[in-house]
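Heads up: the structure comes next, in structure tokens.
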Amino acid sequence: MLIDHLDGSGWGIHEIEVSTDRFALVADTVAHALETPDLEQPYAALGVKDDEYTRIREILGRRPTSAELAMYSVMWSEHCSYKSSKVHLKKFGELSQDTPRGPLLAGIGENAGVVDIGQGYAVTFKAESHNHPSFVEPYQGAATGVGGIVRDILAMGARPIGVMDSLRFGPLDEADTRRVLPGVVAGVGGYGNCLGLPNIGGEVQFHRTYLGNPLVNALCVGVLRHEDLHRAHASGVGNKVILFGAATGGDGIGGASILASETFDETGPAKRPSVQVGDPFMEKLLIECTLELFKAGVIVGIQDFGAAGISCATSELASAGNSGMSINLDLVPLRDPNLAPEEILMSESQERMMAVVEPRHVERFMEICRKWDVTATVIGEVTDGERLIIHWHGHCIVDVDPGTVAHEGPTYRRSYRRPEWLDQVNADAAENLPRDNSPEGVRAAWMKVMAHGNIADKSWITNQYDRYVRGNSVLAQPEDAGMLRIDEETGLGIALALDANSRFTYLNPYIGAQQSLAEAYRNVAVTGAEPVAVTDCLNFGSPEDPEVMWSFVEAILGLVDACKELGIPVTGGNVSLYNQTGGTPILPTPTVGVLGVIDDVTKRLRSGFAKAGDGIWLLGSAREELSGSIWADAVHNGHLGGVPPRVDLRAETGLARVIRDAAVERLMRSSHDISEGGLAVSLVESALQGGFGFTVTLPGEDPTVQLFSESAARALVTMPESSVERVKSLCSENLVPLTRLGEVIEQLDANVVGLLSVPLAEFHGVWSRPVPEAMRN
């Protein structure tokens with residue numbers, strides 16, 4: 001009889017015979033596939049293209065079984081195989097794999113990059129997307145995004161120690177934003193809080209193109225000793241393959257892999273696979289169990305379960321180990337006994353890991369799992385040869401070369417072209433917009449900028465995250481970067497920032513991507529840390545649109561060239577395509593994470609003003625660069641045109657050296673980057689965070705430019721008079737302009753000499769209201 005195992009969803013119909021206990025596959029075995037070469041298969045419903053299906057048949061020398069088709073469909077999806085992007089991502093591999101602190105211990109191609117930070121410690125970090133699932137089911141989509149990236153870090157042998165997130169939503173006043181945002185925030189906070197991981201930073205921004213396609217990019221960082229590094233490979237004939245963690249259910253079948261590989265239509269995704277359901281308490285047990293397994297030395301290779309589930313774990317482990325593998329699918333613990341083999345292979349149920357273990361260590365492995373109440377089951381073994389063989393109910397349903405599943409998916413060289421409309425957009429420069437430089441005009445503009453959704457206070461969001469659990473958070477929101485102590489005795493620590501400027505990237509994807517990297521680099525630098533490595537999460541629209549593909553290619557070129565000049569490698573990352581609703585793509589959003597190292601966290605710099613009487617100084621200088629700025633958007637009704645501020649990476653590295661050296665010598669009391677919103681935002685944020693006011697005199701003749709320009713390579717710092725000469729010397733050595741603006745004052749006022757004096761309470765009022773008011777409504 002014919003049964004639709006997926007409740008009419010159209011993912012696949014398979015010939016089976018119903019037994020008294022559960023489904024018994026008798027028809028679609030490998031033998032049956034050989035006997036029925038012309039059997040029609042619903043490959044298109046699984047997202048497999050005609051030419052891809054033909055290629056699968058060529059690889060196998062026959063038609064695939066339904067189970068093999070399921071595996072290829074998820075592993076060859078855009079989300080898993082990077083088929084539209086990998087020809088361009090190879091450029092990251094051309095970068096030097098040395099950081100300013102030494103060579104990478106693991107880089108692109110691993111679950112996460114691993115960086116030597118000194119004293120025998122290494123740090124692993126990575127960012128990934130969970131965009132489409134978070135639109136379909138905001139809480140679980142975001143929660144399982146956190147859970148998945150945490151397991152990537154765990155699989156490297158590291159203890160996860162912190163998370164961050166970069167979120168994008170539609171306008172604050174839209175009903176669907178009020179649906180999606182609270183669920184996403186609750187999911188990020190709920191999962192991370194339950195794991196006991198501090199959320200130390202990130203960003204939240206709003207734009208109409210994200211309405212119906214929010215972005216949820218999650219980053220995790222972990223720490224390990226050099227000797228504890230583990231990799232995902234299966235080797236050693238006869239070694240056992242053990243699945244441990246949660247049981248496999250019907251949630252998330254094709255979820256991240258297929259859902260993330262399709263464009264949403266105007267009313268949402270055409271296909272809505274079940275979004276994964278997370279259990280953070282199970283994940284916490286899994287973390288502790290896995291770390292003890294590492295310590296016991298009983299693991300040969302390990303792989304986390306993310307997108308594509310068992311299909312991914314088995315094929316990637318076997319392929320990476322240049323080995324074969326035999327799996328008995330009957331042994332997989334199930335939450336639903338009626339799952340078909342295709343569903344078991346495609347399920348993206350969370351909180352699962354797969355390990356390769358020598359037979360002599362299996363009992364010790366099981367003993368540790370029992371201690372942590374983690375289910376563990378031997379489901380197969382490593383074999384001689386190069387075949388992945390999977391049996392179900394005594395029948396062979398999969399017989400493939402695992403490399404063809406995991407690493408030999410299709411490669412598309414998509415056509416791309418620069419949009420014709422971009423010339424007109426670039427010609428519409430914000431520098432040509434009217435400026436009201438009267439005291440009343442500047443005050444009104446300043447208030448609008450502070451009330452802008454991308455600038456406004458995000459504490460309604462960040463207060464739902466535990467920022468200080470584990471006791472090693474040195475800096476967290478609303479600081480420019482998060483900072484964690486790694487070693488209590490020496491004070492060794494790391495800093496992390498996660499940034500994207502999608503407005504600049506829309507205007508010029510090459511420059512915009514570099515500006516995103518430069519901002520994250522600068523945010524790390526202003527804490528006193530040394531930036532050493534990069535991860536990225538590249539969010540774009542459909543790769544089948546040549547104009548979208550052009551922006552993607554240009555962004556990669558921008559990042560590669562910038563990393564070369566900054567002297568820092570890309571350790572890995574993620575690509576998320578098909579982020580658009582109907583024919584409207586999101587603003588191109590290359591999210592960039594930068595890792596920094598600081599030798600002594602007690603010398604870190606905060607962004608808030610620290611002491612009345614300190615001088616307020618500007619490092620760098622403003623230029624007439626208003627295009628793509630918050631000022632243009634807030635004051636001129638959503639204006640987005642012109643070209644972004646120019647990038648000067650030598651100036652960025654000079655700025656970083658000045659602040660790092662000043663931090664080591666304890667010359668500065670505060671340091672805040674200048675980016676979105678310009679100097680105006682940095683002044684108010686530093687004042688509000690520190691609880692002090694300020695009096696400044698603007699350089700130059702145009703207050704709008706001095707206050708709202710978003711020129712790069714700048715920072716706002718404060719220091720006592722005793723530090724000035726030494727800081728001047730550092731700036732001279734590094735060719736960094738230094739300008740005294742004024743001083744920190746006790747009175748809670750914002751004073752700009754000759755222009756305006758505003759109680760900080762007024763700025764706080766317009767800055768603090770937008771998000772909570774939108775959520776109340």
Side-chain angles (χ1 to χ4, degrees), residues 1-16 23 25 27-29 32-33 36-60 62-81 83-84 132-133 135-137 249-276 307-312 315 336 338-349 392 397-398 400 404-405 409-410 412 542-544 577-578 580-582:
M1 69 184 285
L2 292 177
I3 299 283
D4 184 347
H5 287 312
L6 294 170
D7 301 323
S9 65
W11 294 101
I13 297 177
H14 318 284
E15 287 190 54
I16 62 169
F23 295 128
L25 180 67
D28 207 20
T29 63
H32 182 251
T36 57
D38 298 323
L39 180 69
E40 187 174 342
Q41 296 183 286
Y43 61 87
L46 286 163
V48 177
K49 310 296 185 186
D50 290 345
D51 60 330
E52 293 171 355
Y53 180 70
T54 299
R55 176 61 181 147
I56 293 169
R57 293 186 66 119
E58 290 173 352
I59 289 171
L60 295 174
R62 55 175 169 80
R63 74 162 178 86
T65 66
S66 56
E68 290 167 340
L69 181 59
M71 292 185 70
Y72 278 107
S73 73
V74 289
M75 291 301 293
W76 283 17
S77 67
E78 190 73 60
H79 185 78
C80 293
S81 75
K83 56 191 175 185
S84 297
H132 288 185
F135 174 75
V136 175
E137 214 307 309
D251 58 313
I253 293 176
S257 53
I258 294 177
L259 181 61
S261 302
E262 179 177 310
T263 297
F264 284 4
D265 63 25
E266 297 295 346
T267 59
K271 300 169 183 172
R272 291 176 180 254
S274 172
V275 173
Q276 307 97 315
I310 291 176
S311 296
C312 175
S315 61
D336 179 357
N338 294 321
L339 291 179
E342 297 86 354
E343 295 173 310
I344 298 170
L345 289 168
M346 296 174 72
S347 171
E348 297 175 8
S349 294
W392 191 68
I397 61 171
V398 172
V400 299
T404 67
V405 178
Y412 291 141
S542 171
E544 298 170 44
L577 300 176
Y578 292 100
Q580 62 187 64
T581 303

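Excluded from the calculations below are hydrogen atoms, water molecules and symmetry mates; all remaining heavy atoms, backbone and side chain alike, are included.
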Ser347/Leu339 under side-chain contact (heavy atoms from CB on, under 4.5 Å): CA gap, chis, key distance, verdict: CA-CA 10 Å; Ser347 171; Leu339 291 179; 5.5 Å; no
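- The nearest pair of heavy atoms linking Ala307 to His79 is CB-CD2, 3.6 Å.
- In summary, Arg55 and Glu58 engage in a salt bridge, as defined by a charged side-chain N under 4.0 Å from a carboxylate O.
- For Ile59 against Tyr72, the heavy-atom pair with the smallest separation is CG2-OH, 3.9 Å.
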Residues 37-45 side chain polar contacts: donor-acceptor under 3.5 Å, at least two apart:
{"unit_1": "Gln41", "atom_1": "OE1", "unit_2": "Tyr53", "atom_2": "OH", "d": "2.5"}
{"unit_1": "Gln41", "atom_1": "NE2", "unit_2": "Pro64", "atom_2": "O", "d": "2.8"}
{"unit_1": "Tyr43", "atom_1": "OH", "unit_2": "Asp50", "atom_2": "OD1", "d": "2.8"}

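- Pairing each heavy atom of Pro341 with each of Ile397, the nearest pair is CB-CD1, 3.6 Å.
- Looking only at side-chain heavy atoms (C-beta outward), Met346 and Ser73 come within less than 4.5 Å of each other.
- Minimum heavy-atom separation, Glu348 to Ala308: OE2-N, 3.1 Å.
- For Ser542 and Gln580, the side-chain atoms include no donor-acceptor pair closer than 3.5 Å.
- A 4.5 Å side-chain heavy-atom check between Glu343 and Asp336 finds every atom pair outside the cut-off.
- Legend: residues meeting salt bridge (charged side-chain N to carboxylate O under 4.0 Å, His left out) with Glu137, ordered by chain and number and at least two apart, are absent.
- The nearest pair of heavy atoms linking Arg63 to Asp28 is NH2-OD1, 2.8 Å.
- When every heavy atom of Ser81 is checked against every heavy atom of Trp76, the shortest pair comes out as OG-O, 3.3 Å.
- Among residues two or more places apart in sequence or in another chain, the ring pair (Phe, Tyr, Trp, His ring centres under 6.0 Å) test is passed with Tyr412 by none.
- Atom CD1 of residue Ile344 and atom OG of residue Ser311 lie 10.5 Å apart, to the nearest 0.5 angstrom.
- Between Tyr578 atom OH and Ser84 atom OG the span is 5.0 Å, to the nearest 0.5 Å.
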Which is it for Arg62 and Glu68 under the side-chain contact (heavy atoms from CB on, under 4.5 Å) test, yes or no, and what are the steps along the way? CA-CA 11 Å; Arg62 55 175 169 80; Glu68 290 167 340; 2.8 Å; yes
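- In this structure, Met71 CE and Ser315 OG are separated by 5.0 Å, a value rounded to the nearest 0.5 Å.
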